[in-house]
Amino acid sequence: MAKKKEETLNLETILFKCRDILRQAKNSGSFFEKRDMMLTLVFLRFLGEKYEDGVIKLRQILIEQGLDPDDEGIRQAFFDDATFADGTFNLPPEARWSTIIRTAAPQLNVALDTALRSIAETCPQLKGCFIEGTFTQRNLGANDMKKIVDEVNKISHKSFGEEKDLIGRVYEYFLKEFAVNATKEEGEFYTPHDVVQLIATVIEPFDGTLYDPCCGSGGMFIQSTELVKAKQGDISRINVYGQEKEAATYRLAKMNLALRGISHKLGAESDSSFTNDQHKGLYFDYIMANPPFNLKNWWNDNLDNDARWIDYATPPESNANFAWILHMLSHLKPLSGVAGFLLANGALGDSDTLEIRKKLIENDKIEAIIILPRELFITTDISVTFWILNQNKKGGKYHGRELRNREHEILFMDLRQWTENPVKGEQKKKVQILTDQIQRVAELYHRWQAVGTDGKSFAVPELYRSVGIEEIEQNNWSLVPSKYIEFIDHDLDIDYPTEMARIQKEMKALMKREKDSQEMLEKAFKGIGYGIN
């Protein structure tokens, strides 16, 4: 008998099975309900794993200190606190994953909701991360629920990497599989890891306050803090602030950040940063964001004469791109804040935002414009722009570097030719920016900022160029990089006389072959008594 081939364990395979079970199950609900059910299960799984790891770690510490972790007094003193010393959530028995996984199928829906209620009562910082009653209200069939729980049990940071934003990856998977239903208009988007890494590596949010006005599932915060830890930084020195309009995504962000032990303030509720700015009056060291591209229906009449754009011009109601820019600018620390964010390429030269763009350039708020390759995102294939705003282009010390005066200069970069890194295993074409490419972008940007660099000669054809405000004004305040970066006409390298001779020779050979074929056909048909007209 042939030996059965062992299946490779990976996140995509597990989630595909869960999705398949949910598609066939009764009472599984809409896409959004399926997604929320899966994310809540993954949340319980990760929280349980974090608790189990915390128990093992604490037991080891106690043993090293000569204490018996099984002694009743020691257990009460150390294990029954609300949290362990490292911030691990101390879950009551009914909320632990070890309890859930051992529960019989008919009791699973009740057991899962009991776990959620218990967590909300005993862990105040996790309250609001999920909807209590999720599982009993949906009342998925016992066998279907058991199959899904068994699949989720295979998802582990030990298997798939501690450094990954696994909840974000689960979220991204369901967006990808249902991309038709999950549009940027509805707030359903996820920024790929490599794009977040690029933004964070360039602007270096290593300490202070970090803000995202449309924080989605919290991926920007998680991946930024991972970069800080990789640089031997202390994530306790970073305080993150955010806001998210969609209620389910807001809960997901709170869930995601709480699991990572990242201090966060996401406002009291889910709401629009435009119509209900929950961090009004606060200024931040860094801003990182990926706002919904070309967002419509963002405006209401209360935004007339809003303080955020009173010094510029009112953004058009038809498109929120420049409303996002002015909102973020209003939250940057006036003398030192730095923002890195993504926008659709149309914002670089839209005629209806010309006056805002002109004033941003004249006021020296824009430091760099970097066009990214196409196919970076799951839900759109367009090329987008990475903008950098900087409140201090006058120079001075920054993260151990000495910066020169860059007033009235903007660095343009065009990375659209960096499409040689396809992502395998995707249903649609997708590329990624590799770590060494990210380092190259950061090195170029930091070198351009550095003392000793001559901005007037800082250029490489087809890649980057530093441009003064006079030239930008001559181009009617356009920020389209191709207007400034030199692009070489590679056709100029062709030896046209030789090339034309080659083409003519090939054409003559083709005509001769066609003539020979025609003559052969005529002979053949004449041989059987037919002629050819």
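Values reported hereafter were calculated over all heavy atoms of this structure, with side chains retained and with hydrogens, waters and symmetry mates removed.
- At a threshold of 4.5 Å between non-hydrogen side-chain atoms, the residues Thr419 and Glu375 do not count as touching.
- Ring-plane geometry between Phe284 and His331 is classed as tilted, the angle between the planes lying from 30 to 60 degrees on a 0 to 90 degree scale.
- In this structure, Arg401 pairs ionically with Glu204, as a charged nitrogen and a carboxylate oxygen lie closer than 4.0 Å.
- Checked against the 6.0 Å centroid criterion, the rings of Phe206 and His399 qualify as a close aromatic pair.
- Using cut-offs of 30° and 60° on the angle between ring planes, the pair Tyr211 and His327 is tilted.
- Within the 4.5 Å cutoff, the side chain of Asp311 has no heavy atoms near those of the Asn363 side chain.
- In this structure, a donor-acceptor pair under 3.5 Å is absent between the side chains of His279 and Gln243.
- Between Pro315 and Trp298, some side-chain heavy-atom pair lies under the 4.5 Å cut-off.
- Of the charged side-chain nitrogens involved, none lies within less than 4.0 Å of a carboxylate oxygen, so that Glu355 and Lys359 do not count as a salt-bridged pair.
- When the shell of 6.0 Å around OH of Tyr398 is examined, it contains more than 12 heavy atoms from other residues, nucleotides or ligands.
- Ile287 has its side chain out of reach of Phe341: every pair of non-hydrogen atoms, C-beta onward, lies at least 4.5 Å apart.
- For NZ of Lys483, the number of neighbouring non-hydrogen atoms (other residues, nucleotides, ligands) closer than 6.0 Å is 12 at most.
- A salt bridge is defined here as a Lys NZ or Arg NE, NH1 or NH2 lying under 4.0 Å from an Asp or Glu carboxylate O, and Arg251 with Glu244 fails to meet this definition.
- Ring-plane geometry between Phe458 and Tyr464 is classed as tilted, the angle between the planes lying from 30 to 60 degrees on a 0 to 90 degree scale.
- Looking at Leu389 and Glu367, their side chains never come closer than 4.5 Å, going by heavy atoms from C-beta outward.
- Proximity of Ile366 to Ile369: side-chain heavy atoms (C-beta onward) are separated by under 4.5 Å at one or more points.
- At a threshold of 4.5 Å between non-hydrogen side-chain atoms, the residues Leu348 and Trp387 count as touching.
- For Thr209, the side chain to side chain donor-acceptor pair (under 3.5 Å) partners are Asp285, not counting sequence neighbours.
- Within the 4.5 Å cutoff, no side-chain heavy atoms of Leu411 are placed close to those of Arg465.
- Between the side chains of Asn392 and Ser336, no donor-acceptor pair is found at a separation under 3.5 Å.
- Taking the six-membered ring for Trp and the full ring otherwise, the centers of Phe130 and Phe43 sit less than 6.0 Å from each other.
- Remark: Lys154 engages Glu151 in a salt bridge, criterion side-chain N to carboxylate O under 4.0 Å.
- Using a cutoff of 4.0 Å between basic side-chain nitrogens and carboxylate oxygens, Asp454 and Lys456 are not scored as salt-bridged.
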